[in-house]
Amino acid sequence: MKFDTPAGPNPIDKGRVIGIAHDRIDGPAKVTGTAAYAYERHDAAPNAAYGWIVGSAIAKGRIAAMDLTAAEASPGVLGIVTHANAGKLSKGNMNTAHLLGGPQIEHYEQALALVVADTFENARAAAALVRIDYAPEDGKFDLAAERLNGVIPPQGFGGPADTKAGDFDGAFAKAAVKVEQTYTTPDQSHAMMEPHASIAAWNGDKLTLWTSNQMIAWSVGDMAKTLGIPKENIRFVSPYIGGGFGSKLFLRADALLAALGARQVGRPVKVAIARPQIPNNTTHRPATIQRIRIGADKDGVIDAIAHEVWSGDLPGGGAETAAQQTRLLYRGENRMTAHRLVTLNLPEGNAMRAPGEAVGLLALEVAMDELAEACGVDPVELRIRNDVQFDPEAGPQRPFSSRKLVECLRAGADRFGWQRRNPKPGQVRDGRWLVGMGMASAFRNNLTEKSGARIGVDGSGKVIVETDMTDIGTGSYTIIAQTAAEMLGVDLDQVTVRLGDSRFPVSAGSGGQWGANSSTAGVYAAAMALRAKLAEKAGYAAEQAQFEDGLVRMGNQSQTLASLAGAQGLWAEDSMEYGDLDKKYAQATFGAHFCEVGVDMDTAEVRVRRMGGAFASGRILNPKSARSQVIGAMTMGVGAALMEALDVDTRFGFFVNHDMAEYQVPVHADIPHQDVLFVDELDDKSSPMKAKGVGELGICGAGAAVANAIYNATGIRLRDYPLTIDKLLKAQAA
Amino acid sequence: MKPFTYERANSVEAAAKAAASVQGARFIAGGTNLLDLMKLQIETPTHLIDVNRLGLDRIEKTEEGGLRIGALVRNTDLAADTTVRRDYGVLSRALVAGASGQLRNKATTAGNLLQRTRCPYFYDIRMPCNKRKPGSGCGALKGMSRSLAILGVSDACIAQHPSDMAVAMRLLDAQVETMGADGTKRAIPIADFHLLPGETPHKETVLNAGEIITSVTLPKPVAGTHVYRKVRDRASYAFALVSVAAIFGKDGTARFAFGGIGAKPWRTAEADAAASEGAKAVAQAALAGARTTEHNDFKRPLVERTLASLYRQQEARA
Amino acid sequence: MTPVELTVNGREVHLQLDPRTSLLDALREHLKLTGTKKGCDHGQCGACTVIVEGRRINSCLTLAVMHDGEQVTTIEGLGTPEALHPMQKAFVVHDGYQCGYCTPGQICSAVSVLEEIKAGVPSHVTENLDRVAFSEDEVRERMSGNICRCAAYSNIIAAISDVAGESKA
C-alpha cells in the first residue's frame, strides 16, 4: 500500500481501541520475569557455551603479538576467536569501526578476541589470560583541540550538512538584539539496562541468533555482509529488548562474536558485553560544540538565526546533527546551519535517542532563553512570537503537515502555573533552596519508514500479527494489537502479536521515533488486505463491509471472522510505503517543557522539584505507553542537563567513567512526579494512523528547561553541559 | 575472576589462623566490594574465608557506656538500631547516605572500613595505578580526577576513601578491635587504622596478615545535634563529592569529619577548634595542606559551602 | 565444585557449583530462573535484586556458596502471569516499566521497601530517625538502588503507593 495522499476517514478513526489507554499486553510477562530476553534462551539453545570479549587496552595502533597459550590451557576453554582465525570478515554498512579488531586497532575496548568456555566463570577467567602486546600509535581525542580541522560530513538521516536562506550575516549585523553564544555537550552513553547480548547457533550453514536488536533487517543484512554469507541463511530473533535508545540499532560485537564463536566451537555460544566494556566497546552520543547566533528586533521577533555544530567521530563516521531543529523551529528570513566533523579516535559515535535535536535543543533553547531576557519578553511569549507555520528555509510553499507548538506552549504554561514565575532570577527562596522555573520548546522531526506485517485470523476468530518490528519498551506489542483489533473489529484480548523475528515481514524497526507510526501503518496496510479477503469470502463489497464484534457485516447480514477464516485460517501481508508527502510538507512533532528546580543556596546541588509538558504528536495510539515514553525521555533530559557525561582521557583516548557507578544517570530520588498533556492532533499527512512519533520528543528540550530553570533560580547561566556543582560554584565565584 | 578455594570459618580464631596460613587468602563478609573487584581481577584472592556465620552480628553496650558493634553487623541493622539512632545519630545518617538499600543489607561494619577507592584508574586494570599495581604510576594525577581526594594525597596516589560510615566512625572516635592470627587482640583508634598513600598506596590499613576485625567500639555518646551532609551529583546512590559529619554541641563547640576529600576519612583537631568561628574558619583549618587538581579544586569551596549549610541549619534550629 | 543447597521460591534445590558462581548466575544459568536480570553485574543498577532470608540484596555481588541453606525469593516466586502478586499487578496498571529489564528487580525491591518502612528502618530522607513512615519521597529514596533507564520512575512510585494503600489518586 502506498501512502501518497493525505488520509481521509478510515477505520482507525473509530477510536474504539486505538487512542484508548491500555495496559501493555506484554505486561504480565514482564512483571513476572517470564519474558525471556536474548541471553536467557535456555529453551532455544540449552547447551550454549559462554563467550567473553577481550577488549583493546589502547585506543589506536596495532596488535604486535598475541599469545593465547595460557588462555587456551585454562580450564573449560573451548576456543578463542581472533582476527587471525575468524576468516575473512567485512564490515557492516551501519558500522564505522570493525566489530572484531586486529591487527589494526581503531578504538579502546574494541573487541580483539572472544574466549569461549564451558561456563561463564571459566570464560571470564580465561579471557584475562589472553596476552596482547601492542604497538600503539598517536590518536586524536580532543574535540575542542581538533575543531578547526572539521570537514563537511556525509549526509545521514539529518539531511544536508549545511543549509542557508536569505542573508544571515547582513541581517545579524543589523539586528537590534543579538545573542551570540557557544554551548558544549559531552559524550553520552545510552546505558540501557540490558547489556548487548546474543546467543548464536549454527545448523550447517544456517545461523540463528537470539539477540537484542532494534532493527532486525538492518542487522541481518550487516551480519550477512560481515560474514560473507547470504542473508537468507540468517535468522534473528529479538522479541524482548531490555532498552536500546539507539545502542542496539546495529549489529554489535556480541552478535558477531557469538556467531564466530559458535562456528569455531561447533555449539551454541552466548555473549553479553560486560557492563564496564559497554561505553568504550559500543557506540555513544558524540560530544558537540555549538555556536548559535540569533538576531531579533526589540520585541524578540527573529530576523536572523545561525547554528553551527562541531562533533567528532572515527574515520568514516558521521556528525551529530545538532542544528536540525534550528532549520524548522522558529521564523526568520535570514538563516544558516552548518555541521562540521572532525576525526577522533575515540570509540564510535552514533545515534542515541533523538540524535541531533536532543543536544541541539540543549543549546538552542538556552539561547532562546537568553534572547527572551535580552528583549524583556516572557520566554513562552517569545516562542509564540517566533512561531512559523511553514518550513522557514523553503518558504510558505512547504507548510507543516500539522504544527501545534503554540497550543502546547499555552496549555503547558497554564497547567504548570508558569504565570507564577518571577522573571527576575534569584528571587525565590524556599528554605535552603533557591527556586526557579524554566521552559523550552520541544521539537523532533517526524520520519516515516516503509513497514510490513502479515495478519491472520484463525479458526477461532483470533487475530495474529507478525512483523519483525521490535518493542524496546516503547509499547509496540500493544499498539500493534490495538491497530489490529481496531481494523478487524475484535477486542484487544483476541489479538496475538509476534515481533522481532526476521522470518516475519520487514518493518520499520525501532529508531528515530518512527517505529510506532510506521509499524502500525504497516499493520494497517496488511489489515486492509485481510479485510478485502474476508469481505470477498463473505461475498460482500469490500468498501461496504463493516468489521465489528468479531463479525463482518453488510447491511443486515453478518458472518463471523472465525467462520470466514475456517480451519485453515486466512492471512494477508502488505506493507506501507510513503510517497513524497514529507517533501511537500514539513513533518515534525512539537511540545513545550516546563521545569521547576531548587538549587541549594550553599552547595549548589540542583534538584528537580516539578516537571511537566504538553506535546502534540498526531494521534496518540496508546496514551498510557505514550506518556511513559515521554516521561522517560524527560528524565533522560534531566540526566543530560545535570549529570550525564562520558569523561574523555585525552592522553589514553578512552572514556574513563565506563560503568554505571561512574556514568551517572538519574535515579528514583532525582525525579518528581511528571505531568504530561497530549494536545489533540491528527496528522493526515503522516500516515493513515494520523499519528507521529513520540518516543524521542520528550527528551528534546527537557534538559534546556532544566538549564533555564537553574538560571531563573540563581542568575547563573551555564553553557557547558552537564550543569554540575563544580561549574555552578566556579561561575558563582567568578 | 580467578579461581579460588572457599571455606566457611567456624570461629574467629580459626578464621584468623586460616587467613595467615594460606598465601593470598581473604576474608569475605558482605562481599559487595570484594566481589566487585574480583570480577575485574583488581582483587585476586586464592582462598576465601567466609566469616558471615561467626556470630559477630551483635550490638551491645560496653562497660564504659559506649557501644560495641560486631564486625558483621549489616549496615541496615546498624543504621536501624534504636541505640544508634538515639545516641549516635550521625552514624545512622552516614550509613543511610551510602550505597543502596540492597547493598546496605549485605555490607558489613568491618567490610565498610575496608572498602576500597572508586578511582576510575584503579578500576580499569589496563591503566596505571600505584594502588593496584605498585610502581605502575598514577593515571589519575594528570587524568580525570574530579571525584578524587585533595587531602592526604601523594605523588603516587590521589585516590579518595569512598566510605560514608567510616567518616561518622572517625567523628565518633571509634576503635577497631581485631584478633591476630596468633590470637592476640588489639584495639586500634580509627584515626590510626587507615594509612595515607605516601609511597605505598597499596597499603591501606594497619591490619597484619590474617588479622580479623571482630568489632568496632564507640565511646560514650557525644551530646549535641548529629548531622551528616553528603553532596553528590545525583540525589542518591552515588559516592560523595564532599560529605561532612558533624556534632554541634549546645555550647558552641562542634566536631567535624569529612568524606570525599581525603585519602582516608578526614578529621583534624584544628577544624574542631575553629568551630566557634564558623564555616570559613573550619574549612580553612580542615583544608590545611590540601592539594588539588584542575578537576577537583572545586572541593575546596564545596567544603566551605557544605559547612556553611550545616551552620545555617544549626542556627535555624537554635 | 562445591555443593550448595538453597530453597528458591519454596523449592529446595541442590547444586554443584564453581565457588565463583554468583547467586545471580546460579539462578539464571543453573536454575534457569531468568526473571532475575543481569544489568551490570557490579551492584550498580539493581536489576538483580532478589529477596534472601527476607531481605533484598543484589544477587550479583554475592556468591551462591555463601547462601547455603538459605531461602531465596525471586520474581518468579512472587506471582505468575495468571496469579500476579499485588505489586506485579500494580506495575501493570500504572505502567511501571517500559523495556521490562529492570522490572523484576524493581518489584522485588518494592516489596521489600514496604517491609523496611514498616520495620522502622530509616532512610536518607527520614526527617526524624525515630519516626519512619511511608511517603513518596521515602519510597523514591529507598528505590534509588534500582535504576530504570526507560525511567518509569514516576509510574513506579504510583504503583508502590497504590499497593501501600497510600495512593493520592
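A, B, ... follow the sequence lines: proteins, then strands. Residue 1 opens every chain.
The pair A/D138-A/K60 fails the salt-bridge criterion, with no side-chain N (NZ, NE, NH1 or NH2) lying under 4.0 Å from an Asp/Glu carboxylate O. Between B/R291 and B/D155, at least one side-chain N (NZ, or NE/NH1/NH2) sits under 4.0 Å from a carboxylate O, which counts as a salt bridge.
Contact of A/H668 with chain B is not made at all, since no heavy-atom distance falls under 4.5 Å. With a 4.5 Å cut-off on non-hydrogen atoms, B/Q313 touches chain A through its side chain but not through its backbone. At a 4.5 Å heavy-atom cutoff, the contact between A/D600 and chain B is made by side-chain atoms alone. Interface remark: B/L40 contributes side-chain atoms only to the contact with chain A (heavy atom separation under 4.5 Å). Heavy atoms of B/R146 lying under 4.5 Å from chain A belong exclusively to its side chain. Contacts between A/E605 and chain B at a heavy-atom distance below 4.5 Å involve the side chain alone, from C-beta outward. Heavy atoms closer than 4.5 Å to chain B are found in the side chain of A/P276, but not in its backbone. Contacts of B/N296 with chain A are absent, with no heavy-atom separation under 4.5 Å from either backbone or side chain. Only the backbone of A/V648 comes within less than 4.5 Å of a heavy atom of chain B; no side-chain atom from C-beta onward does. When heavy atoms are compared at a cutoff of 4.5 Å, B/R312 approaches chain A solely by way of its side chain, counted from C-beta outward. B/L241 touches chain A through its side chain: at least one heavy atom from C-beta onward sits under 4.5 Å away, while N, CA, C and O do not. Residue contact with chain A, scored on non-hydrogen atoms closer than 4.5 Å, involves the backbone and the side chain of B/K142 alike.
Put simply, of A/T650, A/I58, A/V656, the one with the most heavy-atom pairs under 4.5 Å next to chain B is A/V656. In terms of heavy-atom pairs under 4.5 Å with chain B, the best-connected choice from A/D670, A/D602, A/D649 is A/D602. The most heavy-atom pairs under 4.5 Å with chain A, out of B/H295, B/R229, B/K2, come from B/R229. Per-residue heavy-atom pair counts under 4.5 Å with chain A were compared for B/S236, B/S309, B/P120, B/A279, and the maximum is reached by B/S309. Most heavy-atom pairs under 4.5 Å with chain B: of the set A/K730, A/R432, A/H658, A/E121, this distinction falls to A/R432. Between chain A and the options B/A308, B/S147, B/P301, the largest number of non-hydrogen pairs under 4.5 Å is found for B/A308. Put simply, of A/V606, A/N657, A/I725, A/L642, the one with the most heavy-atom pairs under 4.5 Å next to chain B is A/I725. The greatest number of non-hydrogen atom pairs below 4.5 Å with chain B, out of A/E662, A/R651, A/M643, is found for A/R651.
Inspection of non-hydrogen atoms places A/R124, A/A125, A/A128 of residues 123-132 of chain A under 4.5 Å from chain B.
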Chi angles and distances behind the side-chain contact (heavy atoms from CB on, under 4.5 Å) call for B/E43, B/R116: CA-CA 10 Å; B/E43 295 269 13; B/R116 305 200 68 190; 3.1 Å; yes
A/L344 vs A/F141, side-chain contact (heavy atoms from CB on, under 4.5 Å): CA-CA, chis, key distance, verdict: CA-CA 5 Å; A/L344 292 179; A/F141 309 112; 5.6 Å; no
Verdict with supporting geometry, B/Y6 and B/D50, side chain to side chain donor-acceptor pair (under 3.5 Å): CA-CA 7 Å; B/Y6 170 88; B/D50 183 343; 2.5 Å; yes
Candidate pair A/D133 and A/I63, rule side-chain contact (heavy atoms from CB on, under 4.5 Å), full reasoning: CA-CA 6 Å; A/D133 293 329; A/I63 297 172; over 6 Å; no
Steps toward side-chain contact (heavy atoms from CB on, under 4.5 Å) verdict (B/R118, B/Q160): CA-CA 7 Å; B/R118 281 300 318 184; B/Q160 86 284 39; 3.8 Å; yes
Side chain to side chain donor-acceptor pair (under 3.5 Å) assessment of A/T724 paired with B/D233: CA-CA 7 Å; A/T724 45; B/D233 286 317; 5.3 Å; no
Steps toward side chain to side chain donor-acceptor pair (under 3.5 Å) verdict (A/N122, A/Y50): CA-CA 8 Å; A/N122 281 337; A/Y50 294 80; over 6 Å; no
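Annotation: A/K140, atom NZ; neighbour count of heavy atoms from other residues, nucleotides and ligands within 6.0 Å does not exceed 12.
Side-chain contact between B/H202 and B/N130: absent, with no pair of heavy atoms (C-beta onward) separated by less than 4.5 Å.
B/F256 and B/W266 have their aromatic ring centers separated by at least 6.0 angstrom. Ring to ring, B/F248 and B/Y311 are close: their centroids are under 6.0 angstrom apart.
Of all heavy-atom pairs between B/R232 and A/R607, the closest is O-NH2, 4.0 Å. When every heavy atom of B/R305 is checked against every heavy atom of A/L729, the shortest pair comes out as NH1-CD2, 3.9 Å.
Looking at A/S56, its side chain never comes within 3.5 Å of a backbone N or O of A/E109 through a donor-acceptor pair.
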